[in-house]
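Indexing begins at 1, ligand by ligand and atom by atom, following the structure's order.
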Amino acid sequence: MPAYKAPLRDMRFLINEVFDYPAHYASLSNGKDADPETVAAILEEGAKFCEEVLAPLNLPGDEEGCRLQDGKVTTPKGFKEAYEQYVAGGWQGLSHPTEYGGQGMPMSMGLFKTEMMGTANWSFNMYPGLSLGAMNTIMQHASDELKALYMPPLTEGRWTGTMCLTEPQCGTDLGQVKTKAEPQADGSYKISGTKIFISAGEHDLAENIIHVVLARLPDAPAGTRGISLFIVPKFRPTADGAVGEFNQVVCSAIEHKMGIKASATAVLNFEESTGWMIAEPNKGLEAMFTFMNTARIGTAIQGVCHAELSFQGALAYAKERRSMRALSGKKEPDKVADAIIHHADVRRMLLTQKAFAEGGRAMIYFAAQYADHMTNGIIEGDQKKYKHWDDKLGFFTPIMKGFLTEMGLEAANQGIQVFGGHGYIKEHGMEQIARDARISTLYEGTTGIQALDLLGRKVLIMTRGGAVREFTSMIAKFAVEHMRDAKMRRYATALAKYAAEWNLLTMRIMLTARKDRDVVSAASHHFLMYSGYVTMAYFWALQAAVASKKLAEGGDEKPEFYKAKIATARFYFDHLLPRAKGHASSMIKPSKSLTKLPVEHFVFE
Ligand SMILES: Cc1cc2nc3c(=O)[nH]c(=O)nc-3n(C[C@H](O)[C@H](O)[C@H](O)COP(=O)(O)OP(=O)(O)OC[C@H]3O[C@@H](n4cnc5c(N)ncnc54)[C@H](O)[C@@H]3O)c2cc1C
């Protein structure tokens, strides 16, 4: 397994030089304590924990996996101690309100932390990660009484949480949820049903697990409009907040998975378990989705994590492994052969990983500012503010989740390729990265579902192309501003063309969809990928612009960092952005080539 080193210089570049986080934090009601020194100190401390505690557990955790015995799950050796350190460090409540025992930092700080933890050890990160999802949902939708009981132990990390949506018959189509909720005289509910694939559903890290569960009331309408949301603890808390009696949430199995083996994925049977409703009856799905954008950023980060870790491993190997001579002549004549990093094709793979990791990080750090505003709307009880920023984030989220996780997977595969046959061998850890990355395009909505959400909901139905117009106007503005700068002209020209084309493609699909409804599904994947490549191009151009300016100004920072940024931006525009052209061409083809073949002729003989 590659030794993880947190990319603190790149994080500082984005925080201070590209996105001006100091000014952003100063503008937030909960950002006053996030001054540059505090932010730097938190990130350095987090990096140390991730590098020294979490990263060394990644490979052994994958080998050992989780064990289930008598309904109890044991996590791999070292996880419990690492979790205790995590809790003692106050990391779980970093971005949650001080009234619950958190540190009250803006949401973005939590996202920066997630990237470091997830790169060091994604399986470990799943336990506190799912808990954050549960905390956000409870914070926004539960009564004050329930919040007072559940939020402090969750914020401190003494208890963890889960999100229980999926059932054997449905994952995407939650309208099919069958779990039942019977009202009781005391205002509670008896919850009965089976949930599958529940991450962190059972484990030995915390003294209690609080499940946030989708279930149906007896008189609920069919489909998505008949689903309510409940808190169902593993152990019922006593009135004073201690851990009480077992609540009949039985873990009957854990999945044997391709990757993230140290993350327990549980089958949970709710056997008349006591639950309490949060949010309004039959509006549970809506409530569950309020924090969906931030949850999906959390999974988008997984793409960056795997790209980063795989890049770090491949880079070190490419500098050591020797094979033949570079075509342009010997690079290390005193050695038996040149290091493989001198071959252009190996550089293509390394630069692809670097471009996806750093380009993806830039996308996340941009979106994290939207997430800060959105969360502040919730904390301040300002529904209008919340909605404004949630809508802005809503367009960007499926692009990030869909595109970055697919790119993370590609980068992880390139990491294996750089290692040659050794990439396929377990001890180097490169194959683990690819196995761990594979889930990211499936959970929190598959890539196909992100694509439909983007094109169908966000672009066509909700905004009739307005979301694309708004986002591309930012890109076009950047292009105009940089067109006269000789160093930036190549990026500005390309961006101006893509921004215009993105709108044209949107209009074309919108018109075609009036006659051919299938075209939305048929075009959606290509539309998502096109949007991803063009969006990442903007963030690479932005980074190149800042790096050029910094180089021209001089200063104390190492110029090599800025030069590498410019070189990677150039690589991205020359080698990766052209992929968008293929997606543009495919997305406007008639849906017939996909739909014409009758199901009964879809055979293998
Ligand atoms: C390791 C792991 C951890 C998980 N953690 C959790 C968790 O903590 N909590 C939880 O509730 N769930 C969890 N899940 C479940 C996960 O979110 C679902 O598996 C996922 O949402 C996909 O649902 P599905 O498996 O039912 O696939 P399906 O919905 O059956 O989809 C199958 C295929 O059909 C496509 N498809 C479906 N509908 C459409 C459509 N309308 N248009 C076009 N294509 C479509 C999909 O894109 C996919 O390719 C986890 C799953 C795994 C494997």
Whether Y533 and H583 hold their rings parallel, tilted or perpendicular, with breakpoints at 30° and 60°: parallel

Chi angles and distances behind the side-chain contact (heavy atoms from CB on, under 4.5 Å) call for L285, V177: CA-CA 11 Å; L285 207 53; V177 158; over 6 Å; no

Nearest-option assignment for atom 1 (C) of ligand 1, heavy atoms, candidates M126, K257, M258: K257

Closest approach of any protein heavy atom to atom 3 (C) of ligand 1, naming residue and atom: S199 OG, 3.3 Å

Closest to atom 38 (N) of ligand 1 (judged by heavy-atom distance), picking from D173, L130, I449: I449

Per-residue contact class, L165 against ligand 1 - non-hydrogen pairs under 4.0 Å: both

Protein heavy atom under 4.0 Å of atom 30 (O) of ligand 1: no

Mode of I439 contact toward ligand 1 - side chain, backbone, both, neither (heavy atoms, under 4.0 Å): side chain

Exceeds 12 heavy-atom contacts within 6.0 angstrom, atom NZ of K180: no

Side chains of T74 and D204, donor plus acceptor under 3.5 Å: no

Contacting atoms of ligand 1, where contact means under 4.0 angstrom from a heavy atom of L442: 20 (C), 21 (O)

Centroid-centroid distance, Y83 to Y127, less than 6.0 Å: no

Per atom 9 (N) of ligand 1, closest listed option by heavy atom (M163, M288, E444, R438): M163

Verdict with supporting geometry, Y86 and V53, side-chain contact (heavy atoms from CB on, under 4.5 Å): CA-CA 9 Å; Y86 173 81; V53 180; over 6 Å; no

Min side-chain heavy-atom separation T405-K401 under 4.5 Å: yes

Protein heavy-atom partner closest to atom 41 (N) of ligand 1 - residue, atom, separation in Å: L452 CD1, 4.0 Å

